[in-house]
Amino acid sequence: MGFVVGLAVAGVLAGLYFYHHSRGARSNSVVLQHRVAPDFTLPLLESGQLRLSSYRGKVVLLDFWATWCVPCREETPHFVELQQKYGDQGLQIIGVSMDDSPDPVRTFVQQFRVNYPVVMGTADVGSAYGGVLGLPIAFLIDREGRIQAKHMGATDASVFEKGIASLLAQ
Amino acid sequence: MIIRRIAASVLIFVSSYAFSQATSIPTNRLINPEDLIKILQSGKEQPLVLQTGSHNLFLQAHIPGSEYVGAASTDTGLQQLRKRVDSLPRNKFIVLYCGCCPWSHCPNIKPADDAMHELGFTNVKVLYISDNFGTNWVDKGFPTAKGE
């Protein structure tokens, strides 16, 4: 009996959770869609530089995030799974941290076992993408470097996976 | 397997709400963007407007005249906030805002509000931004400034 009640409570909580998140999630695929993603070169978290255009030929999920952003934290494990699942097929997730300092980002990357490159973002790069004035924001970029979708706010992992699989198949 | 998934959902739900404290700020301490605009354009006593979120977001767009103090969900950000206001009279009109995330997910604004009240400030308002600064301020055509 207790188990059934517990299960029911958990179900209600989970339902509330997803309802709550869906209210904050919005998607705007119009802005910048089909335009070539603005190129940038930014320092990688540990060493070296990352140039976006060097990933032409791959499907890129460009994720603007921050360590203290709750929806960003929740999305990260899904991104790790997607990178693991589709990396061999040509997916490259790139994290652009909008944190003020790289220190908490390094800790976060270790804790969440992030398996894709993370760079420290700048206001200029944010502006080039139409303004990153809320987090998270993710852009899905096709193999030719064109933006195919923009997702603002908490977005269900299945939405990303569907878009990634579609672009990988092209 | 199903039990584990439900448990994971519950954990995420609980952890999410551990951060979702903005919703607990009393409504009488909130101010809407439209009302803040009226005050800023009134020529009357101007509040000190402080952004308590991301510097990169602040550099892209912020309320004219506002100052960046740091993400108040971090120790560094809270220290910078306390340092900025420490010498001010406790009845100083101050407006806090963030706009990094949807209101219910903002990790910065409640700690900032709490810190101000712990310091004894009595005339603090918190700007209610339901979605994010881009949607609820910039996209509405309200005045913005860029850079520092």
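Throughout, protein chains are lettered first and strands after them, A, B, ... in sequence-line order, and every chain is numbered starting at 1. Because the structure is a prediction, the values reported are computed rather than measured.
Residue Arg29(B) places its CZ atom among more than 12 non-hydrogen atoms of other residues, nucleotides or ligands, all under 6.0 Å distant. Within a 6.0 Å sphere centred on CD of Gln84(A), heavy atoms belonging to other residues, nucleotides or ligands number 12 at most.
Between Gln60(B) and Gly131(A) the shortest heavy-atom distance is OE1-CA, 3.3 Å. In plain terms, the two heavy atoms of Leu59(B) and Ala123(A) that are nearest each other are CB-CB, 3.5 Å. Residues Val132(A) and Leu57(B) come closest through the heavy atom pair O-CG, 3.2 Å.
Note that CG of Asp131(B) and CG of Leu133(A) are 13.0 Å apart. Values are rounded to the nearest 0.5 Å.
Checked by atom type and distance alone, the side chain of Ser54(B) pairs as donor or acceptor with a backbone atom of Met98(A) at under 3.5 Å.
For Asp99(A), the part lying near chain B is the backbone, with the side chain staying farther off; criterion is any non-hydrogen pair under 4.5 Å. Only the side chain of Asn108(B) comes within contact range of chain A, with at least one heavy atom under 4.5 Å from a heavy atom of that chain. There is no contact between Ser130(B) and chain A, counting heavy-atom distances below 4.5 Å.
Put simply, the side chain of Met152(A) reaches to within 4.5 Å of the side chain of Asn132(B), judged on heavy atoms. You'll find the side chain of Tyr68(B) reaches within 4.5 Å of the side chain of Asp100(A), heavy atoms only.
Each of Cys72(A), Pro136(A), Cys69(A) was compared with Cys101(B) under the side chain to side chain contact (heavy atoms under 4.5 Å, CB included) criterion, and only Cys69(A) meets it.
With hydrophobic clusters built from ILVMFWY side chains whose heavy atoms lie under 4.5 angstrom apart, Leu45(A) does not share a cluster with Val125(A). Trp65(A) and Tyr129(A) are assigned to two separate hydrophobic clusters, defined by single-linkage of ILVMFWY side chains at heavy-atom distances under 4.5 Å. Residues Leu50(A) and Val118(A) do not share a hydrophobic cluster, clusters being chains of Ile/Leu/Val/Met/Phe/Trp/Tyr side chains in contact below 4.5 Å. The hydrophobic clustering, which links ILVMFWY residues whose side-chain heavy atoms are closer than 4.5 Å, places Tyr128(B) and Met116(B) together. Linking ILVMFWY side-chain heavy atoms closer than 4.5 Å, directly or via other members, places Tyr116(A) and Tyr55(A) in two distinct hydrophobic clusters.
Your options are Pro104(A), Ala66(A), Gly126(A), and the one with the most heavy-atom pairs under 4.5 Å with chain B is Gly126(A). Note on Gly53(B), Gly147(B), Cys100(B): by heavy-atom pairs under 4.5 Å with chain A, the leading option is Cys100(B).
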I'd like a table of donor-acceptor pairs (distance under 3.5 Å, sequence neighbours excluded) in which one partner is a side-chain atom from residues 33-50 of chain B, with atom names and distances.
from: Ser42(B); atom 1: OG; to: Ile39(B); atom 2: O; distance (Å): 2.7
from: Ser42(B); atom 1: OG; to: Lys44(B); atom 2: N; distance (Å): 3.0
from: Gln46(B); atom 1: NE2; to: Ile39(B); atom 2: O; distance (Å): 3.0
from: Gln46(B); atom 1: NE2; to: Lys44(B); atom 2: O; distance (Å): 3.0

Can you give each donor-acceptor pair under 3.5 Å made by side-chain atoms of residues 162-170 of chain A, sequence neighbours left out, with the distance rounded to 0.1 Å?
none

